[in-house]
Amino acid sequence: MSSPATMTALGIAAAVPPAPGIAAAVPPAVVASLLGDTETDVQDILHRPIPATMRALVLLREDEQRMRSAPADKRHGFATLHYRDVPVPQPGVGEVLVAVMAASLNYNTLWSARHEPMSPFRYLGQFAQLEAANARHNVDYQVIGSDACGVVVQIGEGVTNCRPGDRVVIHPGVVNPQSPMVHADAVRDDHTRAWGFETNFGSLAEYCLVRASQLMPKPAHLSWEEAASLPLVNGTVYRMLVSDNGARLRLGESVLIWGGVGGLGSLAIQYVLRAGGHPVAVVSSPAKAELARALGCEAVIDRSAEGYRFVAADGSPNMRDMLRFRKQVRSLNHGRDPEIVFEHTGKETFATSVFVAAHGGRVVTCGSTSGFDHGYDNRYLWMHVKSIIGSHGANWYEAWQANDLVCRGLIVPTVSAVFPLAETRQGIEQMRSNTHVGKIAILCQAGQSGQGIEDPALRARVGEQRLMLFR
């Protein structure tokens, strides 16, 4: 799938100059120092017999009752994460077995560990009821993880879009191709599920099982871990901001971006800049503010320095700080309210998002990391004809378009930390405590960070400083 001939057929062109404020390329010699023996690694995997078992990070059904009986604020989740051997799944009709070179963490990994918003094993039971072949997902363990980059090692009956040896990244949407709604928008199909969250055999393992309709070409200029960090967040941001199913970002519009240097926010800044827009990033520390500026975002709000508290002690919106925040946003946005608010933090910020959006503006939301129960004054919505757009992941076409932008060097990964699979819990703890920036990658079968780069020339054009900005 990711051979040069295939990449040419996909119309993937050479990289264009970096976005404003992003460092230019460094000498190719620096890039060469990062290269691993990619072809040897891949051939070794292909010639190695597929084992009966694999190492994986799993949840166990035996922990379900104990975890679900605990209050939500006590579910730290690490006692539910087990690193152990489980069977290597075999591909069925339309399925593909991939040797996972690297994976990455998303907030749904933390939700899985906490058994939120409901039991992972309830998700598996629901998935098993959709199609007869899904029953094998409903076992007493779940391999979690929704982002991966790796090598196809085995294909099931009816698979025609890949072959063993192809280097791929995984789109996390699991769909039923026989469902009519899938052919309009898979995200709107109530049978679509999030791989490694609502299904089994996810990415945090030596091998993963996916459907052929989840495969996309690995960006040739990226390392295994860089490529693995992108599919879920990149598709999510594309749908939220660019797609006809999202906010439909227009040339020159301003976008308020919560969590400006997180996995989603750091990509949202890039998309807004590429679209000729004006991002206003909200971050939580001076160091994160500097990273946002390094990405090219000139308008940055450090909410910790300003002492904002958007929710009062009684749970109601804190109008005093909301007014103060709107004034600061306007001062950084040429006196204007933002046409779009990029929202994923939820309970803590949602009322403020609705309040500060421009008259006729759009609040697009894909999550609620600070809580699912949102409260806001509806007068600021209906009397100012604003819209709230719910967005969840991406369909395969949107994910493919977003991945194409990465393959061309227009959007870059923001990996800040890399852990081996056996130490995944350390990465999850960084995410839980919000001490990380960008994305946290996990090495599975890759021997070390920096391997898997196939196109050093394109990497040099994109710029090593730009690609390594968060490390």
Side-chain angles (χ1 to χ4, degrees), residues 1 10 91-96 106-108 111-112 117-118 120 122-138 142 146-148 156-162 168-203 208-217 230-249 264 343-344 362-368 372 387-405:
M1 172 172 286
L10 292 173
V93 176
E95 293 181 330
V96 177
N106 294 288
Y107 212 83
N108 67 8
W111 286 338
S112 292
M118 66 181 191
R122 185 175 174 187
Y123 284 134
L124 296 185
Q126 292 177 344
F127 185 61
Q129 294 175 17
L130 296 179
E131 304 172 35
N134 294 349
R136 62 188 174 132
H137 286 251
N138 191 21
Q142 182 192 26
S146 299
D147 265 328
E157 181 183 347
V159 174
T160 60
N161 67 338
C162 69
V168 296
V169 291
I170 311 300
H171 165 52
V174 179
V175 306
N176 178 359
Q178 298 181 48
S179 172
M181 180 54 74
V182 164
H183 298 277
D185 178 17
V187 176
R188 298 176 188 271
D189 181 17
D190 60 7
H191 285 189
T192 296
R193 294 292 184 268
W195 172 62
F197 178 62
E198 298 169 299
T199 77
N200 213 329
F201 315 125
S203 65
C208 68
L209 185 70
V210 300
R211 297 188 178 184
S213 55
Q214 293 178 249
L215 301 180
M216 301 185 297
L230 284 165
L232 189 149
V233 288
N234 192 34
T236 297
V237 173
Y238 183 94
R239 182 180 177 98
M240 289 178 73
L241 289 178
V242 178
S243 167
D244 288 344
N245 294 306
R248 299 185 182 188
L249 174 63
L264 290 166
E343 172 49 84
H344 53 96
R362 294 94 78 197
V363 177
V364 58
T365 176
C366 73
S368 298
F372 308 113
S387 302
I388 295 174
I389 304 168
S391 189
H392 185 57
N395 60 45
W396 193 22
Y397 176 78
E398 292 163 337
W400 192 279
Q401 294 297 105
N403 189 59
D404 178 61
L405 295 174

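When a residue number appears, it is its place in the shown sequence, counting from 1. Predicted model only: the values in this text are computed from it and were never measured.
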Just wondering, do [Y] and [X] contact through their side chains at under 4.5 Å, heavy atoms?
X: F197; Y: S146; result: yes
X: R188; Y: N245; result: yes
X: L215; Y: N161; result: yes
X: V363; Y: I389; result: no
X: S391; Y: T236; result: no
X: W195; Y: P231; result: no
X: Q126; Y: M118; result: yes
X: P172; Y: L232; result: yes

For the side chain of [X] and the backbone of [Y], is there at least one donor-acceptor N/O pair under 3.5 Å apart?
X: N138; Y: A128; answer: no
X: R211; Y: V174; answer: no
X: N395; Y: V187; answer: no

Do you know which two heavy atoms are closest between [X] and [Y], and how far apart they sit?
X: P217; Y: V169; answer: O-CG2, 3.7 Å
X: A399; Y: H171; answer: CB-ND1, 3.4 Å
X: C208; Y: G202; answer: CB-O, 3.3 Å
X: M240; Y: V364; answer: CE-O, 3.5 Å
X: A186; Y: V175; answer: CB-CG1, 3.7 Å
X: S179; Y: H183; answer: O-CD2, 3.5 Å

When rounded to the nearest 0.5 angstrom, what is the spacing between [atom1] in [X] and [atom2] in [Y]?
X: N176; Y: M181; atom1: CG; atom2: CE; answer: 13.0 Å
X: Y238; Y: L249; atom1: OH; atom2: CG; answer: 11.5 Å
X: S112; Y: E198; atom1: OG; atom2: CD; answer: 9.0 Å
X: Q214; Y: L209; atom1: CD; atom2: CG; answer: 8.5 Å
X: N403; Y: M216; atom1: CG; atom2: CE; answer: 4.5 Å
X: H344; Y: T365; atom1: NE2; atom2: OG1; answer: 9.0 Å

* To do: Kindly check if the number of other-residue, nucleotide or ligand heavy atoms within 6.0 Å of OH (Y397) is above 12?
  =>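 Not more than 12 within 6.0 Å, no.
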* For R136, look at atom CZ and say whether over 12 heavy atoms of other residues, nucleotides or ligands are found less than 6.0 Å away. =>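 Yes.
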* Asked: According to the interplanar angle, ranging from 0 to 90°, do the rings of W111 and F372 count as parallel (below 30°), tilted (30 to 60°) or perpendicular (above 60°)?
  ->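 Because their plane-to-plane angle lies in the 30° to 60° range, the rings of W111 and F372 count as tilted.
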* To do: Carefully, step by step, assess R239 and D244 under the rule salt bridge (charged side-chain N to carboxylate O under 4.0 Å, His left out).
  => CA-CA 8 Å; R239 182 180 177 98; D244 288 344; over 6 Å; no
* Decide yes or no on side-chain hydrogen bond (donor to acceptor under 3.5 Å, both in side chains) for N106 and D147, but give the supporting numbers first. => CA-CA 8 Å; N106 294 288; D147 265 328; 2.9 Å; yes
* To do: Begin with the C-alpha distance, continue with both residues' side-chain angles, and end with the deciding distance and a verdict on side-chain contact (heavy atoms from CB on, under 4.5 Å) for L264 and C366.
  => CA-CA 10 Å; L264 290 166; C366 73; 3.7 Å; yes
